[in-house]
Amino acid sequence: MKDPVSLDALPVRPLRTAVVQNAARPLDVAANAQETAARCERAAAQGARLVVLPELHLTAYDVRGLMDAPASAVLSADGARRVTDRRIAPLADATVRHRVTVVVGAPVRHPDGRLTNSLLAVTPDGAVTALYDKRHLWQDTEAALFTPGTGDPATLTVDGWRLAPGVCYDMSFPEHARAAALSGAHAVLYASAFAAGTEHRAAVYCRARALENTVYTVFANPLDGPSGRPCEGASAIHAPDGTTLAEAAPGEDTVLVADLTPGRLADVRRHLRMLAELRTSAPA
């Protein structure tokens, strides 16, 4: 395991990060991939190197709709977790053209039959990989459809930044972000679908996870959704001392952009040394 507080292990340049806050079309992978590609172009025009979108964004967050949807509504991964699907080709092409990395939510079917609530990583070489499977499923609705993810913390590296993925309810568990920080993460990316009226919880969680682990947190939350469970955004990016770098207004269709900087990460970790001084067992 890397030393998570070693200053020479930090990235050497800023990472301009974009969060897309918009509505997705229910169960329309092709249309959502096309629109995501257009949003990536907007983000890249503002200098973004990383673009983060919400939970299940390629189908929209409609779990009950997914239960009744045909098998073609979900994406398939092979044994190496690679995803090849012509419907998402426009998004893969956009990452190649604009040299950006995209993290976006989608339901993924695996060779053993498991269906997971996953995050895809679409990299500048056009490859699409099921990066992470949501570990903590939200109540019986998600648990009836999805299998929870397992295994070691996942990481994605962009421009020297080690990024740990998480999905929505995962942020409610301090252990999730702590494991990521101890594995060397500099930021945790939370693709989410917090319902309207509950965004205050996400704000508390994201600021707390950032502060207690001295990492950046990125919260991507959608607009609209099923009539019985709409979302209103309030996406945000938080600094490693828990302060807010950027925040989208509720209901605003927007691309939110902020810089994650190694200097701020280093300054915070020099002063707030929780990771270095962590006691994992009670004193004798």
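Side chains are part of it too, since the values below use all heavy atoms of this structure and drop only hydrogens, waters and symmetry mates. Since the structure is predicted, the reported quantities are computational estimates derived from the model, not experimental observations.
- Listed by chain and residue number, D159 satisfy the salt bridge (charged side-chain N to carboxylate O under 4.0 Å, His left out) test with R13 (two or more places apart in sequence, or in another chain).
- Between the side chain of Q21 and the backbone N or O of L256, no donor-acceptor pair lies under 3.5 Å.
- Judged by distance alone, the side chain of D85 and the main-chain N or O of R87 form a donor-acceptor pair under 3.5 Å.
- Residue pairs meeting the side chain to side chain donor-acceptor pair (under 3.5 Å) criterion with at least one partner in residues 100-112, sequence neighbours excluded, are H110-T116, D112-R114.
- Side-chain contact between P107 and L66 is present, with at least one heavy-atom pair separated by less than 4.5 Å.
- For E142, the salt bridge (charged side-chain N to carboxylate O under 4.0 Å, His left out) partners are K134, not counting sequence neighbours.
- Grouped with V257 in one hydrophobic cluster are V20, V29, V51, L53, L58, L75, V83, I88, L91, V100, V102, V104, V108, L120, V122, V128, V255, the linkage being side-chain heavy-atom contacts under 4.5 Å among Ile, Leu, Val, Met, Phe, Trp and Tyr residues.
- Considering only residues two or more places apart in sequence or on other chains, A239 meets the side-chain contact (heavy atoms from CB on, under 4.5 Å) condition with Y216, D241, T243, L245, R264.
- Panel note: side chain R25, backbone T59; no donor-acceptor pair is recorded below 3.5 Å.
- In this structure a side-chain-to-backbone donor-acceptor pair under 3.5 Å is present from H186 to R162.
- When hydrophobic residues (I, L, V, M, F, W, Y) are linked wherever their side-chain heavy atoms come within less than 4.5 Å, V12 remains an isolated member.
- Under a hydrophobic-cluster definition in which Ile, Leu, Val, Met, Phe, Trp and Tyr are linked whenever side-chain heavy atoms come within less than 4.5 Å, directly or via other members, F146 and V74 are assigned to the same cluster.
- Atom CG in D68 sits 9.0 Å away from atom CG in D62 (nearest 0.5 Å).
- Using modelled atom types and a 3.5 Å distance limit, the side chains of Y132 and D170 yield a donor-acceptor pair.
- Heavy-atom minimum distance, S235 versus V19: CB-CG1, 3.7 Å.
- Side chains of T244 and H238: a donor-acceptor N/O pair is present below 3.5 angstrom, by distance only.
- Scanning for ring-ring contact (aromatic ring centres under 6.0 Å, His included) contacts around Y190 gives an empty result, with sequence neighbours left out.
- With sequence neighbours excluded, no residue forms a ring-ring contact (aromatic ring centres under 6.0 Å, His included) with Y61.
- By the neighbour-count criterion of 12 heavy atoms within 6.0 Å, atom CG of D125 is densely surrounded, having more than that number from other residues, nucleotides or ligands.
- Contact between G126 and A92 at its shortest, heavy atoms only, is O-CB, 3.6 Å.
- Among all heavy-atom pairs drawn from T17 and I237, the shortest one is O-CD1, 4.0 Å.
- Residues V204 and R201 form no side-chain contact, since every pair of their non-hydrogen atoms from C-beta on lies 4.5 Å or further apart.
- Q139 is not listed as a side-chain neighbour of Y169, based on a closest heavy-atom distance of 4.5 Å or more.
- In terms of hydrophobic clustering, with Ile, Leu, Val, Met, Phe, Trp and Tyr side chains grouped at heavy-atom distances under 4.5 Å, L272 and V215 are assigned to different clusters.
- Closest non-hydrogen pair, S227 versus P230, comes out as O-CD, 3.6 Å.
- Taking 4.5 Å as the limit, some side-chain heavy atom of N22 sits within range of a side-chain heavy atom of H57.
- Side chain of R209 to backbone of R207: no donor-acceptor contact under 3.5 angstrom is found.
- For R229, the CZ atom is densely surrounded, since the number of other residues' heavy atoms within 6.0 Å is greater than 12.
- Hydrophobic cluster membership differs between L163 and V188, with clusters built from Ile, Leu, Val, Met, Phe, Trp and Tyr side chains linked at under 4.5 angstrom.
- Put simply, the side chain of R178 never gets that close to the backbone of L275: no donor and acceptor are under 3.5 Å apart.
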*Where do V158 and L156 land on the side-chain contact (heavy atoms from CB on, under 4.5 Å) test, with the steps shown first?*
CA-CA 7 Å; V158 178; L156 172 69; 4.1 Å; yes
_Trace of the side-chain contact (heavy atoms from CB on, under 4.5 Å) decision for D253 with L223_ = CA-CA 8 Å; D253 186 316; L223 303 178; 4.1 Å; yes
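- The nearest pair of heavy atoms linking A185 to A164 is CB-CB, 3.9 Å.
- Distance check: L265 CG to L15 CG gives 11.5 Å after rounding to the nearest 0.5 Å.
- The shortest non-hydrogen separation linking A37 to P90 is CB-O, 3.6 Å.
- Connection of L189 to L10 is established within a shared hydrophobic cluster, with ILVMFWY side chains joined at heavy-atom distances below 4.5 Å, either directly or through further cluster members.
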*Please assess V167 against W138 for the test side-chain contact (heavy atoms from CB on, under 4.5 Å), listing each intermediate value before the final yes or no.*
CA-CA 10 Å; V167 180; W138 177 246; over 6 Å; no
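- Separating the OG1 atom in T84 from the CZ atom in R86 is a distance of 12.0 Å, to the nearest 0.5 Å.
- Residues satisfying the salt bridge (charged side-chain N to carboxylate O under 4.0 Å, His left out) test with D133, not counting sequence neighbours, are R81.
- Within the structure, side chain to side chain donor-acceptor pair (under 3.5 Å) contacts touching residues 28-37 (residues at least two apart or in different chains) are E35-R39.
- Taking the side chain as every heavy atom from C-beta outward, R64 and T141 approach each other to under 4.5 Å.
- Under the side-chain contact (heavy atoms from CB on, under 4.5 Å) criterion, P222 pairs with P54, A193, C231, sequence neighbours left out.
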_CA sep, side-chain torsions, deciding dist, call: F173, R135, side-chain contact (heavy atoms from CB on, under 4.5 Å)_ = CA-CA 10 Å; F173 297 85; R135 298 192 176 193; over 6 Å; no
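- Residues E199 and N221 have side chains that never bring a donor and an acceptor to within less than 3.5 angstrom of each other.
- Taken from NE2 in H136 to NE2 in H176, the straight-line distance is 7.0 Å, to the nearest 0.5 Å.
- Evaluation of the salt bridge (charged side-chain N to carboxylate O under 4.0 Å, His left out) rule for R82 yields D78 as partners, not counting sequence neighbours.
- Note that OH of Y205 and SG of C168 are 10.0 Å apart. Values are rounded to the nearest 0.5 Å.
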